[in-house]
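First up is the structure itself, then whatever we jot down about it.
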Amino acid sequence: MRLRFRRGMVRGLTLATALALPLALAPTASASTPGLPDVLANAVAHKVTGKNVNKHLQKFQEIATANGGNRAAGTPGYDASLAYVQDKLRKAGYRTSTTDVQFPISWEELSPPVLEQTAPDAKTYVTPTDYVTVQSSGSGDVTAQIQVVDPVLPPTPAPSSTAGCEPEDFTGFVAGRIALIQRGTCPFVQKATNAKAAGASGVIFFNEGQPGRTDPFVFDIGEWRFGIPIVFASFAVGTDLAEPAGTTVRLKVDAKTTVGQTKNLIADSRWGKSGEIVMVGAHLDSVPEGPGINDNGSGSAAVLETALKMAYVPTKYKLRFAFWGAEELGLLGSTQYVAELSQAEQDKIRLYLNFDMVASPNDATFLYDGDDSDAEGAGPGPAGSAEIEKRLQAFYDKRNLPYEGTDFDGRSDYGPFIANGIPSGGIFTGAEGIKTPEQAAKFGGTAGVAFDPCYHAACDTITNISAAALERNSKAVAYTSAFFAFDLSTIPDRNAAALMKKSGAPTGHSHSHHGAPAE
């Protein structure tokens, strides 16, 4: 063990020496010399090979095989994966730590819910005809006045209500009242989050009112920590409760959530300014159905190998590597991590790079569309995201490799960083989406077939990767991480960025699509 560590140190110091030569040979050179960060980043990328990254994938497969076939959050397979990565990073000299991540194991309703009007009239509503309990609702027995939040009544012919979608919708909301919120054009969880922040003691959603959007239906809101009763009523019940002002109801939900715990792994480099952090992350957990070698052993392994090759390289800015837990349960690891940071600690993170599925067997190379040049979906990321995309484009352009943009759709761990104004970017090689003939002509592979036919399945094993994609994209991970560790000149200062309006890009859900539906 000791001998292996020393050999690893020698290899790392050799790389560090090789990277230092351009600095020594260039007159008054520094890492901010034009062109030099690119030279240094390419040197790091050269040292990261698909062969070495694949060794980590082999280990993840061995761990899954020995632990019931998966590496899902809260299982021995995940814990063993984290221990493997942490051991590698510690031996390379990183300061490692873990942060706790909570996740729901089960939710059950212990007794029937109650929704009844107590004033101005006495009226009892019946479940499931009039309303249903929203799964993951908290428990509570509340009698309070209704306060309707920004409704569109009568409804427009097409869905259009933005009721509750913005914190401003709750201006004037009286804490302790029950929020009555119309269904509309943003996720239920977004509405409930704003209601909770405004001091609501309970939430009654009601359907919007167009044909096909009148009755209640059961759904899981995907967030179990609101701690207040939440139900979903018909359009008729909603309009009944909306008038007159001052209507009082009793709302009761009796439910229990069983919560499990897992961990994130965080590794800080020894080099660089502690107040200027380049953060690089990938989720380490798989789904319960399989070992998750592409999703997301591939991203985790590429980030790990990059960290190992960067361990002895003196960088200008501090590198922080993150291996997220419970991404497949709704981005819980990254979301809870960011939420627990103070504003000052968030501001130290100058940018976040996310690598989730970088070796899909029928791959395409997708770069997150930081500048919204594709004009699709969520819009641009926070200021600096466009520069991340351009840096990745430069890597592929230099090698004459094709790429396309992909929307910040909120399905991976960049979500909470973007939501807090932190510029983000990264690589994605495709999941359950189907490759088009145009993409097959551009990237190779098979048209009409999913980018990853084993997505979230038992067959996502060591055979479910493209070796060529793993090679080139692992080098891109290393290149981009190293470049920004030497040069942040194009990325806005976070203290200034914090004064700007935070991005409205979605935090969304993970690949597993757990949680409340988009409305």
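Positions are given from 1, in the same order as the sequence printed here.
- Side chains of T429 and D363: a donor-acceptor N/O pair is absent below 3.5 angstrom, by distance only.
- Aromatic rings from F219 and F188 are positioned such that their centres are separated by under 6.0 Å.
- The backbone N or O of V259 lies less than 3.5 Å from no partner atom in the side chain of Q102, so there is not a single donor-acceptor pair.
- Centroid-to-centroid, the aromatic rings of F217 and F232 come within less than 6.0 Å.
- Atom CD of Q145 sits about 10.0 Å away from atom CD1 of I178, to the nearest 0.5 Å.
- Between the OG atom in S300 and the NE2 atom in H283 there is a gap of 7.0 Å [rounded to 0.5 Å].
- Of the residues L82, T262, N264, the one that meets the side-chain contact (heavy atoms from CB on, under 4.5 Å) test with T98 is L82.
- Looking at residues two or more places apart in sequence or on another chain, you find a side-chain contact (heavy atoms from CB on, under 4.5 Å) between K59 and E62, I63, Y84.
- Checking S373 against D369 by side-chain atom types alone, a donor-acceptor pair falls below 3.5 Å.
- For the residue pair D460/N294, the side-chain donor-acceptor check at 3.5 Å is not satisfied.
- Remark: D268 does not engage R95 in a salt bridge, criterion side-chain N to carboxylate O under 4.0 Å.
- Put simply, the side chain of D452 reaches to within 4.5 Å of the side chain of M357, judged on heavy atoms.
- You'll find the ring centres of Y368 and Y414 inside the 6.0 Å limit.
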**Report entry** Working for side-chain contact (heavy atoms from CB on, under 4.5 Å), residues F170 and V149
**Finding:** CA-CA 7 Å; F170 292 83; V149 178; 3.6 Å; yes
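- Proximity of V114 to L251: side-chain heavy atoms (C-beta onward) are nowhere separated by under 4.5 Å.
- Between V85 and L284, the closest side-chain pair of non-hydrogen atoms falls below 4.5 Å.
- The shortest side-chain heavy-atom distance between T124 and Q117 does not fall under the 4.5 Å cut-off.
- Across every non-hydrogen atom of R177 and F173, the tightest pair is O-CZ, 3.6 Å.
- A side-chain donor-acceptor contact under 3.5 Å links K191 to the backbone of Q182.
- With respect to the salt-bridge test (charged N to carboxylate O, under 4.0 angstrom), the residues R411 and E432 qualify.
- The nearest pair of heavy atoms linking V237 to A233 is CG1-CB, 3.8 Å.
- A donor atom on one side chain and an acceptor atom on the other are found under 3.5 Å apart for E328 and H456.
- When all heavy atoms of L89 and F323 are compared, the pair lying nearest together is CD1-CE1, 3.7 Å.
- By the 4.5 Å heavy-atom criterion applied to side chains, I293 and I465 are counted as neighbours.
- The 12-atom threshold is not exceeded at NZ of K88, counting heavy atoms of other residues, nucleotides or ligands nearer than 6.0 Å.
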Query - Candidate pair F451 and F366, rule side-chain contact (heavy atoms from CB on, under 4.5 Å), full reasoning - result: CA-CA 11 Å; F451 297 106; F366 298 110; 3.7 Å; yes
Query - Evaluation steps, side chain to side chain donor-acceptor pair (under 3.5 Å), between Q86 and T96 - result: CA-CA 7 Å; Q86 187 169 29; T96 68; 3.1 Å; yes
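- Two residues are said to be in side-chain contact when any heavy atoms from C-beta on lie closer than 4.5 Å; P244 and P120 meet this criterion.
- Between the side chain of W107 and the main chain of S137, a donor-acceptor pair closer than 3.5 Å is present.
- Remark: side-chain polar atoms of S161 are not paired, donor with acceptor, to backbone N or O of G184 under 3.5 angstrom.
- A donor-acceptor pair shorter than 3.5 Å cannot be found between the side chains of N194 and D169.
- Each of T127, V253, L115, I230 was checked for a side-chain contact (heavy atoms from CB on, under 4.5 Å) with T133, and the lone residue meeting it is V253.
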Requested in this report: For side-chain contact (heavy atoms from CB on, under 4.5 Å), just list the numbers for V278 and L488, CA-CA rounded to whole Å, side-chain angles, deciding distance to a tenth of an Å, and then say yes or no.
Outcome: CA-CA 9 Å; V278 173; L488 286 171; 4.0 Å; yes
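- S412 and N354 share a side-chain donor-acceptor pair at under 3.5 Å.
- You'll find the ring centres of Y337 and W324 inside the 6.0 Å limit.
- At least one side-chain heavy atom of V218 sits less than 4.5 Å from a side-chain heavy atom of Q135.
- Counting all heavy atoms, side chain and backbone alike, P361 lies closest to N464 at CG-OD1, 3.2 Å.
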**Report entry** Verdict with reasoning, S481 to L353, per side-chain contact (heavy atoms from CB on, under 4.5 Å)
**Finding:** CA-CA 8 Å; S481 304; L353 303 175; 4.0 Å; yes
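- Under 3.5 Å, the side chains of Q343 and D347 contain a donor-acceptor pair of N or O atoms.
- Residues S136 and D220 bring a donor and an acceptor atom of their side chains to less than 3.5 Å of each other.
- How far CD1 of I349 is from CE of M279: 5.0 Å, rounded to the nearest 0.5 Å.
- For the residue pair T65/Q61, the side-chain donor-acceptor check at 3.5 Å is satisfied.
- Looking at heavy atoms from C-beta onward, V132 lies in side-chain contact with P216 at the 4.5 angstrom threshold.
- With E389 contributing its side chain and G370 its backbone, the two residues share a donor-acceptor pair below 3.5 Å.
- Remark: the backbone N or O of I105 is not paired with any side-chain donor or acceptor of T258 at under 3.5 angstrom.
- Ring to ring, Y352 and F484 are not that close: their centroids are 6.0 angstrom or more apart.
- At a cut-off of 3.5 Å, with distance as the only test, no side-chain donor of N207 or R213 sits close to an acceptor on the other residue.
- Between the side chain of Y317 and the backbone N or O of S274 there is no donor-acceptor pair closer than 3.5 Å.
- Across every non-hydrogen atom of F235 and P155, the tightest pair is CZ-CD, 3.7 Å.
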Query raised in the report: Does the side chain to side chain donor-acceptor pair (under 3.5 Å) test come out yes or no for E166 and T162, once each step is laid out?
Result: CA-CA 8 Å; E166 302 292 337; T162 61; over 6 Å; no
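- Under 4.0 Å is where a charged nitrogen must lie from a carboxylate oxygen, and between K123 and D240 at least one such pair does.
- Side chain of Q147 to backbone of G172: a donor-acceptor contact under 3.5 angstrom is found.
- A donor-acceptor contact shorter than 3.5 Å links the side chain of S424 to the backbone of I422.
- By the 6.0 Å and 45° rule, R71 stacks over the aromatic ring of F60.
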